[in-house]
Amino acid sequence: MKKQLDRAGGEATTAEGGLASARTDDGEERAAETVGWDARARQARAQAFDESRASDLFVQLWQADTHVIDLSAAELGRIAAHFRYFTVPASQEVIGQDEQGNYLLVVLEGRVGVERVQPGGGRARLAEARAGDMLGEMSVLDAGSRFSACTTLTPCVVAVLDAQRLDEMMAAEPRLAMALLASLARRLSLRLRQVSARLSALLSGG
């Protein structure tokens, strides 16, 4: 995954950042910028957070999540060791719409708004992420561009995992990496079902 391939037909992108090819809804190819977490952290004024305290938060939240593969606290701690942890002030964009994605976030404290930027510049609120929620996982898995923008609504603590560290986890802890990926798949499946239910309700006039 150090070189990610855009499965929509784009060019390879490196985990360190750069430009990649992506396709618009009408099939036209355009350049999508890859913004790694280090660059985003500087823009968002993120600061490193105490790893021991953050790891404890990570384990507690994931143990309480029914969509996570059942793992012991020690195993979750080993997964947590592959993440990096940061505090982010309020009103900071932590994921940009249409960027090429190579990292995901887990919200440990605070609230993050998930919004779709409209052609006219307005923003439509899609969701609000809270402690335990994950953001940006789809782009890490398929190397596609971000669908929405994510902005901190309050001061937040976040756990960050980029593609390179996911590669390292897969090499060093393959069983735990597969458990993490299975948990991501469960979350994505749940999100798809929720979107499908909303769409069905709209189509039926409910």
Side-chain angles (χ1 to χ4, degrees), residues 1-46 48 79 82-86 88 91-107 112-129 133-153 156 158-171 177-178 180-189 191-192 195:
M1 287 178 64
K2 289 181 182 178
K3 275 198 173 182
Q4 302 179 50
L5 293 178
D6 182 349
R7 288 161 175 77
E11 298 172 356
T13 67
T14 65
E16 288 74 21
L19 290 180
S21 174
R23 295 189 185 277
T24 59
D25 292 339
D26 58 8
E28 293 183 1
E29 193 169 279
R30 61 174 173 79
E33 184 180 2
T34 300
V35 179
W37 173 253
D38 288 341
R40 175 63 66 199
R42 289 191 293 272
Q43 295 170 2
R45 299 188 290 136
I79 291 177
H82 290 273
F83 283 74
R84 293 186 291 164
Y85 302 96
F86 298 85
V88 183
S91 304
Q92 301 298 313
E93 190 169 81
V94 290
I95 287 176
Q97 182 174 311
D98 296 327
E99 293 173 352
Q100 200 77 10
N102 72 356
Y103 64 87
L104 62 83
L105 303 174
V106 179
V107 181
V112 178
V114 181
E115 300 172 323
R116 179 72 179 171
V117 181
Q118 306 302 306
R123 289 177 174 244
R125 178 67 57 83
L126 304 178
E128 189 173 299
D133 290 336
M134 187 175 293
L135 300 167
E137 69 274 27
M138 185 176 295
S139 292
V140 171
L141 294 176
D142 68 8
S145 57
R146 308 287 198 186
F147 178 75
S148 57
C150 300
T151 304
T152 55
L153 302 176
C156 291
V158 296
V160 180
L161 181 70
D162 62 28
Q164 181 174 337
R165 283 183 171 243
L166 180 56
D167 280 346
E168 293 169 355
M169 188 192 306
M170 293 179 71
M178 290 304 297
L180 174 63
L181 291 173
S183 298
L184 299 187
R186 285 186 178 185
R187 288 171 179 262
L188 289 172
S189 177
R191 192 174 302 168
L192 179 59
V195 170

With rounding to the nearest 0.5 angstrom, report the [atom1] to [atom2] distance, [X] to [Y].
X	Y	atom1	atom2	value
Arg84	Leu105	CZ	CG	11.0 Å
Met169	Gln164	CE	CD	12.5 Å
Gln92	Arg45	CD	CZ	4.5 Å
Met138	Ser145	CE	OG	11.0 Å
Gln118	Gln97	CD	CD	8.0 Å
Gln43	Arg40	CD	CZ	5.0 Å

Please report the C-alpha distance between Trp37 and Val160 in whole Å, then the side-chain angles of each, then the deciding distance to 0.1 Å, and finally whether the side-chain contact (heavy atoms from CB on, under 4.5 Å) criterion is met. CA-CA 8 Å; Trp37 173 253; Val160 180; 3.7 Å; yes
So [Y] and [X], do their side chains get closer than 4.5 Å, heavy atoms only?
X	Y	value
Leu180	Leu161	yes
Val158	Val88	yes
Val35	Tyr103	no

Nearest heavy atoms of [X] and [Y], plus distance in Å:
X	Y	answer
Asn102	Arg146	N-NH2, 3.8 Å
Cys150	Val112	CB-CG1, 3.8 Å
Leu135	Ala129	CD2-CB, 3.9 Å

Ring-face cation of Arg42 near Phe86 (centre distance under 6.0 Å, axis angle within 45°):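 The answer is no; the distance or angle limit is not met.
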Do Arg116 and Phe147 meet the cation-pi criteria used here (NZ or CZ under 6.0 Å from the six-membered ring centre, within 45° of the axis)?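 Judged by the rule (NZ or CZ under 6.0 Å from the ring centre, within 45° of its axis), Arg116 counts as positioned above Phe147.
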Between Glu93 and Arg123 (salt bridge meaning N to carboxylate O under 4.0 Å), is one present in this structure?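 Yes, Glu93 and Arg123 are salt-bridged.
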Take Asp38 and Asp162 through the side-chain contact (heavy atoms from CB on, under 4.5 Å) test and state the conclusion after the steps. CA-CA 10 Å; Asp38 288 341; Asp162 62 28; over 6 Å; no
Within the distance-only criterion (no hydrogens, no angle test), does the side chain of Thr151 pair as donor or acceptor with the backbone N or O of Gly113 below 3.5 angstrom?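 No; judged by distance alone, with no hydrogens or angles, the pair does not exist.
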Steps toward side-chain contact (heavy atoms from CB on, under 4.5 Å) verdict (Leu184, Val140): CA-CA 10 Å; Leu184 299 187; Val140 171; over 6 Å; no
